[in-house]
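Contents: one structure, followed by commentary.
In this chain, residues are counted from 1 in sequence order. Read the numbers this way: they start at 1 and go in the same order the structure lists the ligands and their atoms.
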Amino acid sequence: MRVAVAGGTGMLGAQVCEALASRGHEARALSRSSADFPVDLSTGEGLREALAGCDAVVDASNGQGKAAQAVLVDGSRRLLDAEAAAGVGHHIAISIVGCDLVPSFGYYRAKVAQEGVVRSGSVPWTVVRATQFHGFLDRVFGAAAKVGLRPSSSMPLQPVDVDDLADVVAGVAEGTGEGRTLEVVGPEVVSLRDLGRAWRRASGRGRVPLRIPFWGKTGRALHDGALTSVDPYARGKVGFESWLERRYA
Ligand SMILES: NC(=O)c1ccc[n+]([C@@H]2O[C@H](COP(=O)([O-])OP(=O)(O)OC[C@H]3O[C@@H](n4cnc5c(N)ncnc54)[C@H](OP(=O)(O)O)[C@@H]3O)[C@@H](O)[C@H]2O)c1
């Protein structure tokens, strides 16, 4: 198969390209910085050339702030239009477990809107919702540790290893788009507090715990496990502590 990976140079996308290649497929990494397939989802530039002859597209692109609308939502429309014109048979969108349960986060609203664009589009689709990546939590703890702090709360999370997730996504790309929404999670549910403690032990940074207060509906949803899944399609094998051992070895 030939598979285009939008955001194929990113944290997840690069691993999806590797997982596809290890399964014997041709993977094209599409992004603004891609050497072979430069594409800008916020304008649509490069899409026609990049999608020529592709059987499936994995959308692992990302955008924060204003770029969330331009890349995730409007970019999905541009991507799907180009896929329809190129005869792509399966669109796999990467989303977030529980994004619909936490509407007060602007980024999560954009993810829900992105899912809506995919579901109402003409290209057969699968939405793969994942939990937080270990590398993402590492960045969050790393940023707070710059001022000596360590975010802490009882909020349960179920972080996943991107290699584990990428392998599941590559397997999904080999199938057909049946209009399913699948959840992929890590091996264990752990509070943000305990993830932070593990991060401190591994990195030696972030001495002072900073309690994150959660109020109202959003707070309740987060504390009730909105970002975890009890009945996932797949569970990764590598937990946060094992990931940290490799990261800080
Ligand atoms: N991070 C997490 O913990 C997490 C958890 C669950 C789900 N997800 C979802 O997984 C997906 C990938 O996340 P990630 O953390 O791997 O993202 P990332 O590391 O930030 O990578 C984003 C990718 O998108 C590309 N990109 C950004 N703007 C673009 C544009 N205008 N046109 C074309 N490509 C563009 C980037 O390359 P260039 O900058 O070179 O263009 C890069 O390849 C996202 O949909 C995210 O919501 C993430």
What residue and heavy atom of the protein are closest to atom 12 (C) of ligand 1, and at what distance? A60 O, 3.2 Å

Regarding R247 and D138, does a basic nitrogen lie under 4.0 Å from an acidic carboxylate oxygen? yes

The option among L30, T9, T131, V58 carrying the non-hydrogen atom nearest to atom 6 (C) of ligand 1 is T131

Do the side chains of V112 and Y108 join up, straight or via other hydrophobic residues, at under 4.5 Å, putting them in one cluster? no

Can you list the steps and then say if D161 with R246 is a salt bridge (Lys or Arg N to Asp or Glu O under 4.0 Å)? CA-CA 12 Å; D161 183 276; R246 271 185 310 183; 3.0 Å; yes

Shortest non-hydrogen contact from W199 toward A145: CH2-CB, 3.6 Å

Which value, rounded to the nearest 0.5 Å, describes the distance between R150 atom CZ and R211 atom CZ? 14.0 Å

Are any of the heavy atoms in G63 under 4.0 Å away from ligand 1? no

Does a salt bridge link D81 with R78, judged by any charged N lying under 4.0 Å from a carboxylate O? no

Could you tell me whether D164 and R235 make a salt bridge, using a distance below 4.0 angstrom between a side-chain N and a carboxylate O? no

Single-linkage hydrophobic cluster V102~L192, side-chain heavy atoms < 4.5 angstrom: yes

I'd like to check whether S34 has a polar contact with ligand 1, where a contact means an N/O of the residue lying under 3.5 Å from an N/O of the ligand. no

Between K217 and D224, does any NZ, NE, NH1 or NH2 come within less than 4.0 Å of an OD or OE carboxylate oxygen? no

Which residue and heavy atom of the protein sit nearest atom 10 (O) of ligand 1, plus the separation: I94 CG2, 3.4 Å

Nearest heavy atom to atom 20 (O) of ligand 1: which of N62, I96, L41 does it belong to? N62

Protein contact of atom 34 (N) of ligand 1 - nearest heavy atom, named by residue and atom, plus distance: S31 CA, 3.7 Å

Is R129 touching ligand 1 with its side chain, its backbone, both, or neither, if touching means heavy atoms under 4.0 Å apart? neither

Should the ring pair H134 and F240 be called parallel, tilted or perpendicular, given that the plane angle runs from 0 to 90° and is split at 30 and 60? tilted

Taking a cutoff of less than 4.0 Å between a non-hydrogen atom of the residue and any ligand atom, is D59 in contact with ligand 1? no

Below a 4.0 angstrom heavy-atom separation, can you tell me which part of Y107, side chain or backbone, both or neither, approaches ligand 1? side chain

Can you figure out which of G7, S61, G10, S76 has its heavy atom closest to atom 11 (C) of ligand 1? S61

List the residues meeting side chain to side chain contact (heavy atoms under 4.5 Å, CB included) with V140, not counting sequence neighbours, and say none if there are none. F136, P151

I'd like to check V127 versus R119 (side-chain heavy atoms, cut-off strictly below 4.5 Å). Are they in contact? yes

Side chain or backbone of V39 under 4.0 Å from ligand 1, or both, or neither, by non-hydrogen atoms? backbone

Distance to 0.1 Å, residue and atom name: give those for the protein heavy atom nearest to atom 35 (C) of ligand 1. R32 NE, 4.1 Å

Report the part of V71 in contact with ligand 1, treating N, CA, C, O as backbone and CB onward as side chain, heavy atoms under 4.0 Å; options are side chain, backbone, both, neither. side chain

Below 4.0 angstrom, N of the basic side chain to O of the carboxylate: do E115 and K111 qualify? no

For atom 31 (N) of ligand 1, which candidate among L12, D40, L79 provides the closest heavy atom? D40

How does S95 reach ligand 1, if at all, at less than 4.0 Å between non-hydrogen atoms: by side chain, backbone, both, or neither? backbone

Is any N or O atom of S33, backbone or side chain, closer than 3.5 Å to an N or O atom of ligand 1? yes

Contacting atoms of ligand 1, where contact means under 4.0 angstrom from a heavy atom of K111: 44 (C), 45 (O), 46 (C), 47 (O)

Do any N/O atoms on Q132 end up under 3.5 angstrom from N/O atoms on ligand 1? no

Within a distance under 4.0 Å of any heavy atom of F136, pick out the atoms of ligand 1 and give their elements. 1 (N), 2 (C), 3 (O)

Counting non-hydrogen protein atoms only, what is the nearest one to atom 19 (O) of ligand 1? Give residue, atom name and distance. M11 N, 2.8 Å

Looking only at heavy atoms, is any part of F133 under 4.0 Å from ligand 1, and if so is it the side chain, the backbone, or both, or is it neither? both

